[in-house]
Protein chains: 2
Amino acid sequence: MARVADQLIETLRNDIRSGVLRPGDQLEEAALAERFGVSRTPVREAVRSLVDSGLLETKPRKGALVRVLSAKELIDLFEVAAELEGMACRLAAERLTAGKAAALEDALQFCRKAADANDQDGYAKANLAFHQAIHNAAGNSRLIEQIEQLAGHINPYRAMPFQMRGRLQKSTEEHAAIAEAILENTGTQADELMRDHMMLQGQRLPMILEAIEPR
Amino acid sequence: MARVADQLIETLRNDIRSGVLRPGDQLEEAALAERFGVSRTPVREAVRSLVDSGLLETKPRKGALVRVLSAKELIDLFEVAAELEGMACRLAAERLTAGKAAALEDALQFCRKAADANDQDGYAKANLAFHQAIHNAAGNSRLIEQIEQLAGHINPYRAMPFQMRGRLQKSTEEHAAIAEAILENTGTQADELMRDHMMLQGQRLPMILEAIEPR
DNA sequence: AAATTATTATATGTATACATATATAGTTCA
DNA sequence: TGAACTATATATGTATACATATAATAATTT
């Protein structure tokens with residue numbers, strides 16, 4: 001059974017992820033109900049669920065709106081995400097198997113190809129695959145869950161095409177160093193490299209925040 | 001306005017936290033509605049919310065039940081919680097202010113008193129206060145949010161009175177070492193000490209799991 | 001007697017109707 | 001003309017009624 005509410009959650013989440021809905025946008029139950037041709041009941045469920053997950057927020061008598069994160073909140077988010085990504089690297093190094101190692105090297109190759117071709121979209125996918133290969137090798141499902149939760153909050157602020165020149169090559173080099181550390185079983189170094197890698201992304205936050213301008 | 005749904009969430013969460021509701025217990029919407037004298041609507045909201053937060057799970061046509069974590073899932077949970085608690089120590093060491101330092105020392109004293117008096121309940125409170133003092137000093141609200149979320153999932157498995165002999169004194173000594181490291185601004189050491197401290201708790205998990213026996 | 005099918009009971013999921021509180025706009029009074 | 005008060009409109013929160021799917025039980029047939 002495909003619950004309407006679940007479809008709504010998925011749709012709204014994608015809209016936020018992709019930037020169709022921008023931080024600050026209002027969401028009104030009746031309007032959403034009409035748009036999707038359903039009653040307010042499943043709409044309410046979806047909105048509540050997204051509020052709980054932190055993607056939306058409610059203003060007292062104003063309904064729900066796409067959550068606007070302050071600069072401090074975004075930095076905090078990144079800090080935690082960086083820590084958990086680093087942890088994943090450490091665990092991956094400790095628990096690496098032959099299969100996981102191969103997958104990691106494959107993902108790294110994808111990054112290289114996309115970077116060489118200067119393919120932004122391709123790199124976004126390869127980048128995700130690289131990180132996921134690490135998560136997968138870490139062997140901790142809760143860790144993955146937490147990382148994905150945080151990523152879901154960061155994504156709306158990453159949707160803007162805001163790649164710096166040469167960042168793809170640089171990012172790939174960082175990935176290579178991380179992968180090497182994991183493959184060589186030096187977990188603490190992989191941890192540190194990944195945290196630095198993540199924090200470099202974080203440094204662009206002020207610029208991104210300025211460019212987004214919630215409406 | 002105090003929404004009924006929010007009160008229900010609070011009540012159910014407490015019931016789970018305190019062990020009134022045990023992992024595996026069934027929750028039926030109609031029954032809850034009658035118990036609290038409200039309609040199914042706010043009950044549904046509360047249940048959905050708790051499912052989203054991971055405290056409940058739904059079986060296809062069986063309604064909601066208090067989520068049962070496998071041993072592996074609990075270990076994963078602890079691993080992540082330990083990492084974030086360690087991170088909090090590292091940040092606290094970096095960002096410590098005079099006021100936060102004093103609060104930390106106070107909390108440590110509470111732990112000492114409760115441990116000396118062999119006061120289990122008192123120690124539970126002091127222990128919480130000690131950790132919160134560190135969280136507070138870390139200056140990252142998202143970190144606190146994540147830690148509390150994880151704690152909410154661990155708590156049902158910690159409700160059982162299962163303190164080992166002498167564990168209070170030992171735990172306090174560990175706290176003291178952690179506090180010292182933070183106060184001396186050696187963040188990485190505080191991080192490691194805290195992770196070890198947390199993992200000692202985690203080691204008792206198999207015993208606790210055996211004792212709980214979901215119904 | 002056993003197996004299969006049909007029926008009923010009970011759960012969730014959705015729609016609609018109703019209550020209530022707040023914000024806004026309009027009117028009235030000073 | 002300005003301020004205050006009232007009324008109305010519009011939002012959320014709750015209750016109730018309805019639809020539907022599944023599981024269990026009973027009945028019928030082989």
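These numbers come from the heavy atoms of this one structure, side chains and all, not from hydrogens, waters or symmetry mates.
- Picking from dT12(C), dA15(D), dT16(C) the nucleotide with the shortest atom distance to the side chain of Pro42(B) gives dA15(D).
- The CD-P distance, from Glu29(B) to dT14(C), rounds to 11 Å in whole Å.
- When the C1' atom of dT16(D) is taken as reference, atom CD of Glu34(B) falls 15 Å away, rounded to whole Å.
- Scanning for ring pair (Phe, Tyr, Trp, His ring centres under 6.0 Å) contacts around His153(B) gives an empty result, with sequence neighbours left out.
- Applying the side chain to side chain donor-acceptor pair (under 3.5 Å) test to Asp76(A) and every residue at least two apart in sequence or in another chain returns Lys72(A), Ser141(B).
- Using a cut-off of 4.0 Å between Lys/Arg side-chain N and Asp/Glu carboxylate O, Lys113(A) and Asp106(A) are scored as not salt-bridged.
- Whole-Å rounding puts the Arg40(B) CZ to dG13(D) P distance at 19 Å.
- Rounded to an integer number of Å, the gap from Phe36(B) CZ to dG13(D) C1' is 18 Å.
- Comparing Thr41(B) and Leu27(B) by the nucleotide of DNA chain C whose heavy atom lies nearest to each, the residue mapping closer to the 5' end is Leu27(B).
- Rounded to whole angstrom, the span from the CG atom of Leu32(B) across to the P atom of dA11(C) amounts to 12 Å.
- Atom CD in Glu45(B) sits about 14 Å away from atom P in dT14(C), given to the nearest Å.
- Counting heavy-atom neighbours within 6.0 Å of Phe110(B) CZ, excluding the residue itself, gives a total of 12 or less.
- Looking at Arg48(B), its side chain has no donor and acceptor atom pair within 3.5 Å of the base of dG13(C).
- In this structure, Leu8(B) places its CG atom 12 Å from C1' of dT14(D), rounding to the nearest Å.
- Note: NZ (Lys59(B)) to C1' (dT22(D)) measures 16 Å, nearest angstrom.
- Listed nucleotides: dA15(D), dG13(C), dT12(D). Nearest to the side chain of Arg3(A): dG13(C).
- You'll find that the side chain of Arg44(B) is closest to dG13(C), out of dG13(C), dA15(D), dT12(D).
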